[in-house]
Protein chains: 2
Amino acid sequence: MADVKQGKIKSRESKLSTTLKDQLRCQSCGLTPLCLPVGMSEAETEKLDSIVHRNTPFHKGDHLFRQGDKFKGIYVITSGSVKSYYINKHGEECIVGFYLPGELIGLDAIHNRVYSCSVAVLETTSACEVPFSQLQNLTSEIPSLQHQLMCLLSKEVHNDCEMVAILASHSAEERLASFLLSLSSRYKSRSLSALEFNLSMSRTEIASFLGLAVETVSRTFSRFQEQGLLEVNRKQVKLLDIEALADLGGQYPHELNSGIPLNG
Amino acid sequence: MADVKQGKIKSRESKLSTTLKDQLRCQSCGLTPLCLPVGMSEAETEKLDSIVHRNTPFHKGDHLFRQGDKFKGIYVITSGSVKSYYINKHGEECIVGFYLPGELIGLDAIHNRVYSCSVAVLETTSACEVPFSQLQNLTSEIPSLQHQLMCLLSKEVHNDCEMVAILASHSAEERLASFLLSLSSRYKSRSLSALEFNLSMSRTEIASFLGLAVETVSRTFSRFQEQGLLEVNRKQVKLLDIEALADLGGQYPHELNSGIPLNG
DNA sequence: CACCTTATTTGACTTAGGTCAATAAGTATT
DNA sequence: AATACTTATTGACCTAAGTCAAATAAGGTG
């Protein structure tokens, strides 16, 4: 629904109506508690807001950037979702991550100033672009911005470790269960339903991410449904037995962190 | 040999001889180009040095910290190596990473102030402990410290993405080849031999990390040896055909970064 | 609406890698 | 040095998941 509304924005940033533009400022953004402005004053948030670029929404298949591109800045998804992937030497697409609203993209490119993956949008998606050099200038002025950026980097490291743990824990059921639970908890922390959501990625994309064959993903979905763990119809998923799914997948011990405010 | 020398240090920090103590300062540490002081002046490095704790060397099986412990600070290995792991609900040890000299540990704990994994040393190991609150104070004073910390966090994100890619690329050969190449390039950037090194971890630990069975790791080593790709005898490894190993394992496109100075 | 294309599901068969078991090679202990 | 203990290797067998192929379901298009 948000997409429909945003679909009307066909023109560039400068042509946006002032009311819409107001909705798109950091100060009034619903994602603020997950994003960079955590802990910042009104005035500081305004400063941050002033360096952010908000482009026309991207459409399915559009790219935020491509692997090898010079690093310009980080992106924050505000609506929609994207995949991060690279092409291996066999020409296959390997998906390294999916990003939802409030999540930062491009953090891995800070240290060598080159994006190491391509990022393509999975559905109509809006994103804020934060030019890194300007962001860095601001961090020296605004200590809580520096702190929050570090926290978000740390959280990303944490998530990636979690993913390593999931992928190393062999079975297809464990992987898919963990994947669904991860999505669920991420939706939840965005005040969306933790139990019922739409997958924006295809089975093939899930398979690539989890290191499985498409058919295995499909079969595992079916098996979960037979077992009454969930209902699935194409992209629509309804989790029926979170407990059982957690028993399958939740191996990594960091339920520790979920729910704890980032700025502790 | 380094271990033997350090083995003599039986007393606490305060009792170290002044010459030894000098060798252990950031200003004279050989790992500086990989570590936090990158880009810092002599005076700034001295400030950093003054907050660093250097404990008696740890011995095999000792822990730097355990999962669930309150986050105190980050550690930098100066010699030896460690594993980071957690215990899953079946009571099995799941290894999430290995760390070599110059690598930072505990970065994933910044955001929620709790270590999410345990870290145990694999051989006699020295590490610097950098208390985080003090480090944070210093970052506001020293811009290049802030920058380098961010770069190291970013690099960690990058490495973890790489690991996700490796684990998702199914085959045992690909995984082991990638693992060996990763070690090789890390040794290389520490001015150690990229072709001949000792594994400080057991086959079981490699298996856990790569999401394989021990037997598979062992068999894959044997197969690589039969194919003339390497020579292996227990912990000793000599890579004979890096090219061929890279063909097997090197799927992720970030040879981009290796060799590029961190502060670019 | 009929047609085409693409995504998903399901079945049949194959295989990489897991499991179990035995052996061998180191390590540590007395 | 003899013992027990641990770690690594190798073989035999089995199973989870991959591959190939076909059927079904959605979506998109003229």
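The shown structure was predicted, so the numbers you read here are calculated from the model rather than taken from an experiment. Proteins come first, then strands; the chains are lettered A, B, ... in the order of their sequence lines, and each starts at number 1.
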Any donor-acceptor pair under 3.5 Å from Arg234(B) side chain to Leu199(B) backbone: no

Phosphate OP1/OP2 of dT10(D) contacted by Ser222(B) side-chain N/O (<4.0 Å): yes

Whole-Å distance separating the CG atom of Asn233(A) from the C1' atom of dT8(C): 11 Å

Asn198(B) CG to dA8(D) P, straight-line distance once rounded to whole Å: 13 Å

Rounded distance (Å) that lies between atom P of dT7(D) and atom CD of Glu93(B): 11 Å

Whole-Å gap separating P (dA17(D)) and CD (Glu173(A)): 7 Å

DNA chain D: 5'-proximal contact among Thr216(A) and Arg234(B) (nearest heavy atom): Arg234(B)

Nearest listed nucleotide, side chain of Thr204(B), among dA8(D), dG26(C), dA17(D): dA8(D)

Whole-Å distance separating the CD atom of Glu226(A) from the C1' atom of dG11(C): 13 Å

Sub-6.0 Å ring centroid separation between Tyr75(B) and Phe65(B): yes

Sugar-phosphate only, base, or nothing, as touched by Ser202(B) at under 4.0 Å among non-hydrogen atoms: sugar-phosphate

Proximity to the side chain of Glu215(B) - top-ranked nucleotide from dG11(D), dT9(C), dT7(D): dG11(D)

Main-chain N/O of Glu174(B) paired to Ser178(B) side chain as donor or acceptor, under 3.5 Å: yes

Between P of dT10(D) and CZ of Phe221(B), the distance in whole Å: 12 Å

Heavy-atom neighbours of Lys238(B) NZ exceed 12 at 6.0 Å: no

Glu93(B) CD: over 12 foreign heavy atoms closer than 6.0 Å: yes

Donor/acceptor link under 3.5 angstrom from Arg219(A) side chain onto base of dG11(C): yes

Rounded interatomic separation in angstrom, taking CG from Leu212(B) and C1' from dT19(C): 14 Å

Leu122(A) CG - dA7(C) P separation (whole Å): 13 Å

